[in-house]
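The structure displayed is predicted, hence computed values, not measured ones.
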Amino acid sequence: MKTFVLLALVAACSAAVFKVPTVQSGSLRAKLIKEGKYTAFLAAQHAARIEQLNTGSQPFVDYFDDFYLGNITLGTPAQPATIVLDTGSSNLWVIDAACTSQACNGYPDSGYKKQKFDTTKSSTFTKETRKFSIQYGSGSCNGYLGTDTITFGGLTIKTQEFGVATHLAEVFGYQPVDGILGLGWPALAVDKVTPPMQNVLPQLDAKLFTVWLDRKLTISQGGSGGLITYGAVDNVNCDSQITYVPLTAKTYWQFALDGFAVGTYSETKKDQVISDTGTSWLGAPATVMSAIVKQTKATFDWSSELYVVDCTTMQTQPDLIFTIGGTKYNVKSVEYILDLQLGGGKCALAVFSMGSGGFGPTWILGDTFIRQYCNIYDIGNAQIGFAQAHHSF
């Protein structure tokens, strides 16, 4: 479930530390349910997944929910774009102004008009002959590669290679986004493109960035969404006690999970897990998903294709307890049980089942986890840190 938060263009910066406030768009799923369009949306996504399987693709599951987005500019003069800040991928791409499909323009009832990049209006843009194609859990995009000046969070890269999309999967037409900015490692990048974060490292005091996501009273509520700090630890919104663990792969932000528990269920099997700002919920192995369903007494709602519990239990369900590097991290039920306005007093479990990735990740710790714990992505030391996040409620 890809989640996206909006970064304001004006960043407060001190020396080589850049702090950028974020804005959350609210839940796409809740919006579609309210408008009575969710069933049709699910049907379209099922058709898209069948097409993906026919092409041999096996992407991570993506639940297209509340989005954490960032504003960037591209070209000379600068053209704005609102992009997904995604630690689960490593490429930057935006929409070509020449693309006139409904997905590229944005569906009228999405409430968002796409900001497309007009390459002909940038004096610094250089088009390459190479094509690009990227498959995400919710759909694909393809087009061609080019280079230009980009700015994000007060940081400027004079010559950044990125994708210019001429075709988008239909799901992107529903989402308030103009592209994706991957914050993963170079080895994950399609076409061996150098990710923007690698290019800005010389400008930073420390080769890391911190993500703090704010908590909302309701999942459909938009507005201020948190803060991303480039070049330093966020000492205001995050606790001073940080525990670091080494990465087990420099592709995703991947590390070892030593154990998991919920209620009377526990396991100590060592699994691979990734921290992913681009996934709204938690992805868990099928056996663990079954255990969570049993411990929370959740039932499957066929109309929404979600596991649900009574909303009255939102604050009383057992914690999800993750053991990472010998430290236990508790995720409260107020984080993993969401009110999506399903009706009937039912709320959704913000957890989905995912298949094994061999030596790859079998868990995804998305925004449900990151709201509870600030994530410090330490590029320089190939490690990731966790600190209790501070919230007003």
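- Sorted by first then second residue, the salt bridge (charged side-chain N to carboxylate O under 4.0 Å, His left out) pairs that include residues 171-196, not counting sequence neighbours, number zero.
- Qualifying salt bridge (Lys or Arg N to Asp or Glu O under 4.0 Å) partners for D258, counting only residues two or more places apart in sequence or in other chains: K270.
- A search for side-chain hydrogen bond (donor to acceptor under 3.5 Å, both in side chains) contacts involving Q317 returns T313, not counting sequence neighbours.
- Partners of K297 according to the salt bridge (Lys or Arg N to Asp or Glu O under 4.0 Å) rule, which considers only residues two or more places apart in sequence or in another chain, do not exist here.
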I'd like a table of donor-acceptor pairs (distance under 3.5 Å, sequence neighbours excluded) in which one partner is a side-chain atom from residues 238-245, with atom names and distances.
unit_1, atom_1, unit_2, atom_2, d
D239, OD2, Q241, N, 2.9

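- Applying the salt bridge (charged side-chain N to carboxylate O under 4.0 Å, His left out) test to pairs two or more places apart or on separate chains, none has a residue in residues 284-293.
- Screening residues 177-211 for ring-ring contact (aromatic ring centres under 6.0 Å, His included) gives W185-W253, F209-Y377 as the qualifying pairs, with residues at least two apart or on separate chains.
- A donor-acceptor pair is defined here as one N or O able to donate and one able to accept, closer than 3.5 Å; such a pair exists between the side chain of N105 and the backbone of T100.
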Check residues 286-296 and write down every donor-acceptor pair under 3.5 Å in which the side-chain atom is one partner and the other belongs to a residue at least two apart or another chain.
unit_1, atom_1, unit_2, atom_2, d
S290, OG, A286, O, 3.2
Q295, OE1, T264, N, 3.0
Q295, OE1, T264, OG1, 3.4
Q295, NE2, T264, OG1, 3.0
T296, OG1, I292, O, 2.7
T296, OG1, V293, O, 3.4

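- Listed by first and then second residue, the salt bridge (charged side-chain N to carboxylate O under 4.0 Å, His left out) pairs that reach into residues 380-393 come to none, sequence neighbours excluded.
- Looking only at side-chain heavy atoms (C-beta outward), I72 and T151 stay at 4.5 Å or farther from each other.
- Listed by chain and number, the residues in a salt bridge (Lys or Arg N to Asp or Glu O under 4.0 Å) with K116 amount to none (sequence neighbours excluded).
- The salt bridge (Lys or Arg N to Asp or Glu O under 4.0 Å) search around D319 returns K332, not counting sequence neighbours.
- Looking at residues two or more places apart in sequence or on another chain, you find no side-chain hydrogen bond (donor to acceptor under 3.5 Å, both in side chains) involving Q79.
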